[in-house]
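Take a look at the structure set out below.
These numbers were taken from a predicted model, which means no experiment stands behind them. Letters A, B, ... mirror the listed sequences (proteins, then strands); counts begin at 1.
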Protein chains: 2
Amino acid sequence: MTSITITDVAALAGVSIKTVSRVLNSEPNVRDGTRERVLSAVNKLNYKPNLAARALAGSRSYLIGLYYDNPSPGYIADLQRGAMSACRKAGYHLLVEQIDGEKERWRPRVESLLDQVKVDGVILAQPVCDRGAVLDVLEERNAPFVRIAPAGDWDRGPYVYMNDRQAAYDMTDHLLSLGHRRIGFIRGHPEHSATQQRYLGFAQAMAAADQSPDPALVQWGSFTFRSGVGAAERLLNRPVKPTAIFASNDDMALGVMAVANRMQLNVPRDLSVAGFDDSPIAQVVWPQLTSIRIPVAEMAEAAANILIHKRLQQQAPAARLLDFELMLRGSVGPASLA
Amino acid sequence: MTSITITDVAALAGVSIKTVSRVLNSEPNVRDGTRERVLSAVNKLNYKPNLAARALAGSRSYLIGLYYDNPSPGYIADLQRGAMSACRKAGYHLLVEQIDGEKERWRPRVESLLDQVKVDGVILAQPVCDRGAVLDVLEERNAPFVRIAPAGDWDRGPYVYMNDRQAAYDMTDHLLSLGHRRIGFIRGHPEHSATQQRYLGFAQAMAAADQSPDPALVQWGSFTFRSGVGAAERLLNRPVKPTAIFASNDDMALGVMAVANRMQLNVPRDLSVAGFDDSPIAQVVWPQLTSIRIPVAEMAEAAANILIHKRLQQQAPAARLLDFELMLRGSVGPASLA
DNA sequence: CCTTAAAATGACAACGCTGTCTTATCTCTC
DNA sequence: GAGAGATAAGACAGCGTTGTCATTTTAAGG
């Protein structure tokens with residue numbers, strides 16, 4: 001049951017273990033014939049290099065860490081799917097670590113991944129990527145990391161991101177193009193990075209269409225269903241109702257739809273509703289929610305790839321922009337002529 | 001920037017590296033004074049043993065693998081939280097791997113984790129734990145694994161689980177105790193393991209209360225919101241409506257509530273609704289959904305602990321039962337006197 | 001052909017630990 | 001206080017790779 005080693009392969013191929021190593025690591029200076037002989041031996045024996053030995057002798061661990069805090073489960077799942085996909089293709093493996101924001105308990109865990117496991121790089125997801133102390137630890141150790149959609153400190157390491165402002169702008173533009181003028185907007189949690197960007201996009205699109213902003217049509221929320229309900233009630237109990245409501249995320253948009261239902265307002269006939277995130281629920285409710293798809297998995301995949309191929313490129317890209325997508329569904333229709 | 005090794009600690013403590021190793025691994029035959037000297041040196045230098053070296057020299061990798069397929073994101077997140085918690089306490093780290101059921105692509109990944117990474121154990125989540133071929137690979141390599149809530153093959157390795165039948169029984173009993181007699185039941189996806197158990201619990205509780213089962217009150221669903229809607233329509237369009245509906249999971253229960261809403265039935269006055277899973281949405285809807293909490297994180301934690309402490313116990317437990325919890329909320333009330 | 005540089009390969013020492021076996025040091029006991 | 005039997009500590013050889021450097025083979029040039 002003892003596993004086969006590089007020595008076995010070398011013996012079978014009639015070369016030294018170093019040559020096998022060269023073939024396996026795609027190093028230069030190996031004759032084609034030799035390479036083929038080695039590869040065939042590798043296949044014949046179904047040889048797989050030992051990760052620990054590689055890590056100990058070389059400089060790579062073939063492990064990538066993913067730090068996340070406590071965002072929505074769907075977000076984590078997408079993130080992992082993307083990161084895993086990149087890892088899979090490169091023979092890497094993914095290590096996950098939850099960073100509890102509150103306590104300082106995260107520190108030993110982060111340090112452990114760096115000092116003990118010696119991961120080749122770290123992907124920092126949403127809230128963690130903005131925690132200065134975490135970045136400090138990483139920079140201090142000179143550990144490669146990529147941040148996903150950071151909220152600020154854009155000069156601290158490479159990052160991948162999506163243009164939230166532009167997405168909100170485009171969605172607002174879409175509503176305007178359907179004739180909507182009284183468009184309600186529900187902002188997200190004030191401490192969340194995306195909140196301001198999404199509002200900005202909305203405001204800019206409105207301004208570009210010469211719509212004077214009605215402050216009463218902009219309500220605060222906190223990204224929860226409940227807060228969406230509250231904001232929707234404030235918006236829909238006004239003497240002149242908006243014909244469309246654009247919520248900063250899907251949960252709040254669902255809250256809006258619930259209120260509309262309760263008030264006997266037909267969506268989209270009496271009220272158009274748009275969300276942001278394109279969460280799974282968006283397609284479950286009826287009518288299906290028009291929303292904006294965030295390329296979460298793609299961002300994670302890009303982040304992982306930056307880390308994996310870091311050694312190849314002399315200059316790592318500072319930032320990588322990925323495209324959002326407007327998911328137009330039944331919850332948005334033309335403005336009613338009321 | 002070169003990291004400190006066991007040699008540095010040994011030098012500072014004035015002992016051999018082997019003694020340091022003994023202290024770090026809690027091996028016997030170290031005098032208290034020596035142990036303290038070593039530990040203080042470890043702390044002073046902030047020494048952390050290199051994982052790769054440990055794995056290469058010893059028999060442990062301090063890595064646990066988590067295989068999952070594609071269940072709900074919330075399920076994965078809970079699973080990871082539990083497994084991570086156990087790992088954290090024992091100085092282990094968690095490696096995740098998605099096993100795409102369809103393709104055979106999973107095989108090299110599973111083998112890689114076993115042969116290359118040499119994880120100390122594998123946790124198999126919901127659908128993966130019932131895939132015979134995966135179990136074959138693990139058993140073939142003699143790799144320690146724990147299955148979480150398997151649907152069958154209970155003799156293939158240790159597992160942790162929850163008593164779905166008892167939970168459904170208790171919930172049904174709860175409904176009965178509130179005076180409900182015409183209780184509708186929505187079964188889950190026929191291929192899902194829990195489906196039959198949950199139905200059994202329902203049926204047994206009804207039988208125990210001398211309620212002859214009305215076949216028309218038992219409808220098939222498939223664990224989706226949509227299927228819950230369909231089943232609810234079939235149940236609520238009957239001449240004599242049920243006073244309560246117990247759905248095999250929350251998504252379907254939400255479908256029931258949607259239909260009830262549309263039919264102007266007040267929940268819980270006109271219709272009580274109970275679900276299963278206690279998914280996050282259960283607390284978001286209004287009224288909040290009475291449901292059954294599955295100890296997902298606890299099961300994962302128990303599974304990880306079994307793997308981590310395997311070497312300690314001579315005989316690994318074959319199974320570990322964890323408790324569910326009835327979450328009684330607003331969607332269930334006493335039977336109306338109609 | 002022989003010389004010389006370049007390309008291909010190999011020998012061997014790390015990497016930082018743990019396992020095994022040996023040696024030194026206590027603790028008893030009579 | 002000497003000998004036996006623990007108990008504590010150390011020496012040293014791996015673990016399975018990669019890095020470095022030496023060596024051999026091939027290709028190029030006259």
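Within residues 41-53 of chain B, the residues approached by DNA chain C to less than 4.0 Å at the level of any non-hydrogen atom are B:Tyr47, B:Pro49, B:Asn50, B:Ala53, in residue-number order.
Salt-bridge formation is detected for the pair A:Asp69/A:Arg131: a Lys NZ or Arg NE/NH1/NH2 atom is positioned less than 4.0 Å from an Asp or Glu carboxylate oxygen. A salt bridge links A:Glu298 to A:Arg293: at least one charged side-chain nitrogen sits closer than 4.0 Å to a carboxylate oxygen. Between A:Arg141 and A:Asp115, at least one side-chain N (NZ, or NE/NH1/NH2) sits under 4.0 Å from a carboxylate O, which counts as a salt bridge.
Separating the CG atom of B:Asp32 from the P atom of D:dA8 is a distance of 9 Å, rounded to the nearest angstrom. Rounding to whole angstrom units, CZ of residue B:Arg60 and P of C:dG16 are separated by 20 Å. As rounded to whole Å, 12 Å separates atom C1' of D:dA8 from atom CD of B:Glu27. Between A:Ile6 atom CD1 and C:dG10 atom P there is a gap of 12 Å when expressed in whole angstrom units. Rounded to an integer number of Å, the gap from CZ of B:Arg35 to C1' of D:dA8 is 11 Å. A:Asn29 places its CG atom 16 Å from the P atom of D:dC21, with the value rounded to the nearest Å. In this structure, B:Asn25 places its CG atom 9 Å from C1' of C:dC17, rounding to the nearest Å. Separating the NZ atom of B:Lys118 from the P atom of D:dC15 is a distance of 13 Å, rounded to the nearest angstrom.
Computed from C1' positions of five pairs at each end, the angle between the two local axes of the helix from C:dC1-D:dG30 to C:dC30-D:dG1 equals 30°, rounded to 10 degrees.
The side-chain hydrogen bond (donor to acceptor under 3.5 Å, both in side chains) search around A:Gln98 returns none, not counting sequence neighbours. Scored by the side-chain hydrogen bond (donor to acceptor under 3.5 Å, both in side chains) test, A:Tyr67 finds no partners at all (sequence neighbours excluded). Take A:Arg54 and apply the side-chain hydrogen bond (donor to acceptor under 3.5 Å, both in side chains) test, not counting sequence neighbours, and it matches A:Tyr62.
The phosphate of C:dT18 (OP1 or OP2) has a side-chain N or O of B:Ser21 nearer than 4.0 angstrom. At the phosphate of C:dT9, neither OP1 nor OP2 sits under 4.0 Å from any side-chain N or O atom of A:Thr19.
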So which protein nitrogen or oxygen atoms get under 3.5 Å of nucleotides 11-14 of chain D's nitrogens or oxygens?
none

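In terms of heavy atoms, A:Gly152 sits closest to A:Arg147 at O-NH2, 3.0 Å.
When heavy atoms are screened at a 4.0 angstrom cut-off, B:Thr34 is found touching the sugar-phosphate backbone but no base atom.
Place A:Arg31 and A:Thr7 on DNA chain D by their nearest nucleotides, and A:Thr7 ends up nearer the 5' end.
Side chain of B:Arg54, nearest nucleotide from C:dT18, D:dT17, D:dT18: C:dT18.
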